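This structure is a prediction, so every number in the text was calculated from the model and none was measured.
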Amino acid sequence: MLKVLEHPLITHKLTQMRKKETKTKDFRENLDEIGGLMAYEITRNLPVREVEIETPVTAMKTYELEKDIILVPILRAGLGMVGGISNLIPTVKVAHVGLYRDETTLQPHVYFEKYPVGIENAVVMIVDPMLATGGSANAAIDMVKKQGAKDIRLVCLVGAPEGVEAVEKAHPDVDIYLAALDEKLNDQGYIVPGLGDAGDRIFGTK
């Protein structure tokens with residue numbers, strides 16, 4: 001199921017990121033902040049368990065998170081979303097999935113993967129700023145499913161309808177969260193209007 005998080009603060013910060021004159025520092029800071037804001041909305045329905053604790057005044061029954069949360073950033077741009085989410089949920093564990101896109105075929109290729117233990121029982125959040133063709137997202141979802149992951153959520157800033165359709169077709173059991181659903185892909189596989197190459201803008205490599 002696709003969920004577009006329409007929140008004034010998210011939209012405002014994404015607008016700053018879209019501007020071509022925005023420099024690396026501001027781009028990275030806004031991405032960090034949006035990641036935290038999105039995580040707050042995405043975790044609204046996390047499973048909890050009842051526990052009994054002692055406050056300074058008395059004993060009480062309350063709730064705490066039932067499952068571990070594992071972030072799976074798609075390298076390298078997905079790393080830009082880890083900080084903001086980790087600030088909100090300091091107990092997260094972080095996996096790493098390295099994919100690159102062939103510039104001719106637009107197909108993803110795996111070059112690295114590393115996972116924490118317990119992924120089969122965790123809430124898994126795959127993060128990447130852009131959902132373009134859906135190739136990298138589908139590859140990452142396939143990879144974590146092979147590790148036994150069952151509760152999987154795809155979290156991206158900006159998505160194209162083509163990418164959303166591709167993920168929904170391949171993985172109808174995975175919820176997709178976006179800060180914005182853009183118009184289309186261009187002939188080079190970039191999202192329009194988009195925000196350019198997120199990895200290059202995060203790390204200042206162009």
Side-chain angles (χ1 to χ4, degrees), residues 1-5 31 34-35 38-39 41-43 45 67 69-82 85 92-116 118-202:
M1 182 184 297
L2 172 64
K3 301 176 183 179
V4 181
L5 304 179
L31 175 58
I34 291 174
M38 291 185 71
E41 293 292 328
I42 292 163
T43 55
N45 64 344
K67 296 183 177 182
I69 300 172
I70 295 178
L71 296 184
V72 186
I74 299 177
L75 304 180
R76 63 183 169 146
L79 289 172
M81 298 181 69
V82 171
I85 297 173
V92 295
K93 300 175 181 178
V94 182
H96 292 86
V97 170
L99 297 167
Y100 70 90
R101 185 172 71 165
D102 186 293
E103 295 300 327
T104 302
T105 66
L106 304 183
Q107 294 302 305
H109 297 274
V110 179
Y111 65 87
F112 183 79
E113 54 182 318
K114 184 75 172 178
Y115 306 97
I119 193 170
E120 65 278 2
N121 297 314
V123 175
V124 177
M125 297 168 59
I126 298 173
V127 295
D128 195 1
M130 313 301 285
L131 176 56
T133 64
S136 294
N138 277 334
I141 295 168
D142 286 336
M143 292 162 72
V144 299
K145 282 186 174 180
K146 286 179 182 177
Q147 298 298 316
K150 303 175 189 68
D151 187 345
I152 305 167
R153 305 164 192 214
L154 177 63
V155 185
C156 305
L157 256 68
V158 179
E162 295 92 332
V164 171
E165 182 179 357
V167 174
E168 288 181 334
K169 182 177 180 180
H171 299 284
D173 56 325
V174 174
D175 286 337
I176 304 169
Y177 295 87
L178 300 177
L181 180 62
D182 277 12
E183 180 184 344
K184 62 179 181 179
L185 295 178
N186 64 17
D187 293 339
Q188 289 76 46
Y190 282 91
I191 299 173
V192 179
L195 46 73
D197 188 303
D200 285 335
R201 298 192 71 186
I202 291 166

Next on the checklist: What I want to find out is whether Arg76 reaches Asp200 closely enough, with some N-O distance under 4.0 Å, to be called a salt bridge.
Outcome noted: yes
Checklist outcome for this item: The reported gap from CG in Leu31 to CZ in Arg201 (rounded to nearest 0.5 angstrom) is 11.0 Å
Checklist outcome for this item: Heavy-atom nearest pair, Tyr115 first then Ala95, reads CD2-CB, 3.9 Å
Checklist entry - Under 4.5 Å between any side-chain heavy atoms of Lys93 and Leu71, yes or no? => result no
Checklist entry - Can you find a heavy atom in the side chain of Lys3 that is under 4.5 Å from one in the side chain of Glu41? => result no
Checklist entry - Where do Tyr177 and Met125 land on the side chain to side chain contact (heavy atoms under 4.5 Å, CB included) test, with the steps shown first? => result CA-CA 10 Å; Tyr177 295 87; Met125 297 168 59; over 6 Å; no
Checklist entry - So, the side chain of Lys150 versus the backbone of Gly148: is there a donor-acceptor pair under 3.5 Å, distance only? => result yes
Checklist entry - Taking it one step at a time, do Val158 and Leu131 satisfy side chain to side chain contact (heavy atoms under 4.5 Å, CB included)? => result CA-CA 6 Å; Val158 179; Leu131 176 56; over 6 Å; no
Item to check | Test item: Glu120 and Gln147 side chains (from C-beta on) under 4.5 Å apart, heavy atoms | outcome: no
Next on the checklist: Between His96 and Leu75, does the side chain to side chain contact (heavy atoms under 4.5 Å, CB included) criterion hold? Intermediate values first, please.
Outcome noted: CA-CA 7 Å; His96 292 86; Leu75 304 180; 3.8 Å; yes
Checklist outcome for this item: When rounded to the nearest 0.5 Å, the distance separating SG of Cys156 from CE of Met38 is 7.5 Å
Next on the checklist: Measuring only between side-chain heavy atoms, which start at C-beta, is Val124 closer than 4.5 Å to Ile119?
Outcome noted: yes
Next on the checklist: Going by side-chain contact (heavy atoms from CB on, under 4.5 Å), Leu2 matches just one of Leu181, Leu154, Asp175. Which one?
Outcome noted: Leu181
Item to check | Min side-chain heavy-atom separation Ile126-Ile141 under 4.5 Å | outcome: yes
Next on the checklist: With a 4.5 Å cut-off on side-chain heavy atoms, are Val144 and Ile70 touching?
Outcome noted: no
Checklist entry - Rounded to the nearest 0.5 Å, how far does CD of Glu162 lie from CD1 of Ile191? => result 9.0 Å
Checklist outcome for this item: For Val97 and Ala140, the nearest pair of non-hydrogen atoms, with its separation, is CG1-CB, 4.4 Å
Checklist entry - What is the minimum heavy-atom distance between Val110 and Glu113, and which atoms define it? => result CG1-OE2, 4.4 Å
Checklist entry - Which heavy-atom pair separates Ala170 from Asn138 by the least distance, and what is that distance? => result CB-OD1, 3.6 Å
Next on the checklist: Which heavy atom of Leu185 sits nearest to which heavy atom of Ala160, and what is that distance?
Outcome noted: CD2-CB, 3.6 Å
Checklist entry - Are any of the side-chain heavy atoms of Val94 and Pro73 separated by less than 4.5 Å? => result yes
Next on the checklist: Has Arg153 got a side-chain atom pairing as donor or acceptor with Val174's backbone, closer than 3.5 angstrom?
Outcome noted: no
Next on the checklist: Testing the basics here: between Pro193 and Glu183, what is the closest heavy-atom pair and its distance to 0.1 Å?
Outcome noted: CD-N, 4.1 Å
Next on the checklist: Using a 3.5 Å distance criterion without hydrogens, assess whether the side chain of Asp182 forms a donor-acceptor pair with backbone atoms of Gly194.
Outcome noted: yes
Next on the checklist: Could you check whether any side-chain heavy atom of Met81 comes within less than 4.5 Å of a side-chain heavy atom of Asp128, counting everything from C-beta outward?
Outcome noted: no
Item to check | side chain to side chain contact (heavy atoms under 4.5 Å, CB included) between Leu157 and Leu178, intermediate numbers included | outcome: CA-CA 5 Å; Leu157 256 68; Leu178 300 177; over 6 Å; no
